[in-house]
Amino acid sequence: MLLTLTTTHQPATDLGFLLVKHPDRVQEFGLPAGTAHVFYPEATEQRCTAALLVEVDPQRLGVGRRRAASTPESFTLGQYVNDRAYAASSLLSSALSTVFRSALRGVSRDRPELAGTAIPLSIRVPVLRCRGGAELAVRLFAPLGWAVAAAPLPLDEQHPEWGDSRYVDLCLTGTVRLADALNHLYVLLPVLDDAKHYWVAPDEIDKLLRAGAGWLADHPERALITRRYLTHRRALAGRAMARLAELRLADVPVPDDSVDEATGPAVADPRRASLAVRRRAAVLAALAASGASRVVDLGCGGGALLTALLADRRYTEVVGVDVSAQALTVAARRLRLDRLPQRQQDRVRLWQSALTYRDDRLRGYDAAVLMEVVEHLDPARLPALEDAVLGHARPGTLVVTTPNAEYNVRYEGLPAGRFRHPDHRFEWTRAEFAAWVDRVAAEHGYTATISGVGDPDPELGHPTQLAVLTAVASREATR
């Protein structure tokens, strides 16, 4: 089994720091079912490729293992005569978790900032068993922001009339955090294969949710992914879906099932990343540009943004605030607070607080985020929020996102006059948002810039509006 991972980020050899594998060495790792090798076919400042080659010993794979009921090799010699040494499967997924453990967690001692940054990546798995064909590979990877090329492999190149095999040559390209890319592969490779080489126990639910943090709960194929990852064990899949539902309900906002905020309803283009993913990326970029190290997520919900912040070592203190105790419980579970090393736990705070009341704990932070929060307040309560956040807490930078009401007509499944979410109290036009931003910035001593998130419509603008407010005193102090 072979997987290659290429970047053109410069210097491209920084890939070695992210993977914690030196480009000048061929490294070998023992696995329960064989051996993994990591090497670099190319390593220049302009382009670097890391290869993971997994050699499987069929005897070691079959001896002493209780195989999952969904494993296809059910005939007598199936554990010895199979495609497992050649086609990507859960064996390659397990090798990724063993060989690139730090990279999967988004940790890099030598390049901590780069580990939290999206970089250009190209991934190839030349032989992948894909039950469902190339179309399924597109459905699974495209919503995550990947451009997907899945070419079916012929049964026999000498006899094209025999048709295609069950295997594809998978190529993914995109600008993605390396940790996110590896976690996508960790989950979706065995899902496409629809089999696992080991018995699936209840702890697989935690593995799935941990690797799927920040993307699985909103994935349009989450039910299929969950069912296949847990080898069609209905009880486990039901429990996993219930926990994913908790994450969706606790996050702010929760999209109406009738409308996909990224692309609209049934006509959605699966090649585009969800708006939620792109929104978080835009907020993270704004925070990085501000130079903040202590950040508070106001209205953190189930902790999707907190997870990304904690993975980036530039943030020495990360605080999640929400009025809902249930949301904070879900956020703690998503962050795995009870399992984090003490030094990581010391970086995180979860506080229950109402954003319309002054809270001394929130004062003095470098940056604060109101991501899809303001529209959940009654308009009459906005002055209280403005006073509590900008007047009292007064972060150095405030990042605000909210829907663009003008864009709603592009959602065919959204009736006229309805908001994108039943809990929204209002949704601003671009002019209304700009007027609010200008007013609160002037009243509280901030400068402001406004931009958008998502594919812009030439007449209606972006689906999401984003503002960055910078305290004037904070800006002058950095000069």
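Residues: numbered from 1 along the sequence shown.
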Any idea which heavy atoms bring [X] and [Y] closest together, and the distance?
X: E427; Y: H421; value: OE2-N, 4.2 Å
X: C48; Y: A12; value: CB-O, 3.3 Å
X: H462; Y: P456; value: NE2-CB, 3.6 Å
X: P202; Y: R239; value: CB-NH2, 4.2 Å

- Just say parallel, tilted or perpendicular for the rings of W215 and H219, cut-offs at 30° and 60°.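 Plane angle over 60°, so perpendicular.
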- Task: Please work out whether the ring planes of W428 and F433 are parallel, tilted or perpendicular, with thresholds of 30° and 60°.
- Result: tilted
- Task: Would you kindly say whether T402 and Q465 are connected by a side-chain donor-acceptor distance under 3.5 Å?
- Result: no
- Query: Checking side chain to side chain contact (heavy atoms under 4.5 Å, CB included) for the pair T307/L335: CA distance, chi angles, key distance, verdict?
  - Reply: CA-CA 6 Å; T307 302; L335 292 166; 3.8 Å; yes
- Set of residues satisfying side chain to side chain contact (heavy atoms under 4.5 Å, CB included) with respect to D297, sequence neighbours excluded: C300, L305, L306, V369
For the residue pair [X] and [Y], establish whether any side-chain heavy-atom pair is separated by less than 4.5 Å.
X: L216; Y: Y229; value: no
X: L244; Y: L209; value: yes
X: F100; Y: L178; value: no
X: R210; Y: R339; value: yes
X: T464; Y: E372; value: yes
X: V468; Y: T397; value: yes
X: L185; Y: F141; value: yes
X: T401; Y: V283; value: yes

Would you say the side-chain atoms of [X] pair up with the backbone N or O of [Y], donor to acceptor, closer than 3.5 Å?
X: R420; Y: N404; result: yes
X: N183; Y: G212; result: no
X: E317; Y: R347; result: no

- Message: As a quick check of understanding, evaluate side chain to side chain contact (heavy atoms under 4.5 Å, CB included) for R410 and E459, giving each step before the final call.
- Response: CA-CA 11 Å; R410 292 292 182 252; E459 298 178 0; 4.2 Å; yes
- Item | Test side chain to side chain contact (heavy atoms under 4.5 Å, CB included) applied to L298 and L385, step by step | CA-CA 11 Å; L298 301 170; L385 177 137; over 6 Å; no
- Query: Does a side-chain N-to-carboxylate-O contact under 4.0 Å join R129 and D194?
  - Reply: no
- Query: Is the closest basic N to carboxylate O distance between R278 and D455 below 4.0 Å?
  - Reply: yes
- Message: Taking salt bridge (Lys or Arg N to Asp or Glu O under 4.0 Å) as the cut-off, I'd like each qualifying pair that reaches into residues 299-313, sequence neighbours left out, listed once.
- Response: D312-R314
- With sequence neighbours excluded, what pairs up with D423 under the side chain to side chain donor-acceptor pair (under 3.5 Å) test?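 D423 satisfies side chain to side chain donor-acceptor pair (under 3.5 Å) with H376, R425 once adjacent residues are dropped.
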- Message: Determine whether R430 and I450 satisfy the following criterion, side chain to side chain contact (heavy atoms under 4.5 Å, CB included), listing intermediate values before the conclusion.
- Response: CA-CA 10 Å; R430 287 172 290 172; I450 297 176; over 6 Å; no
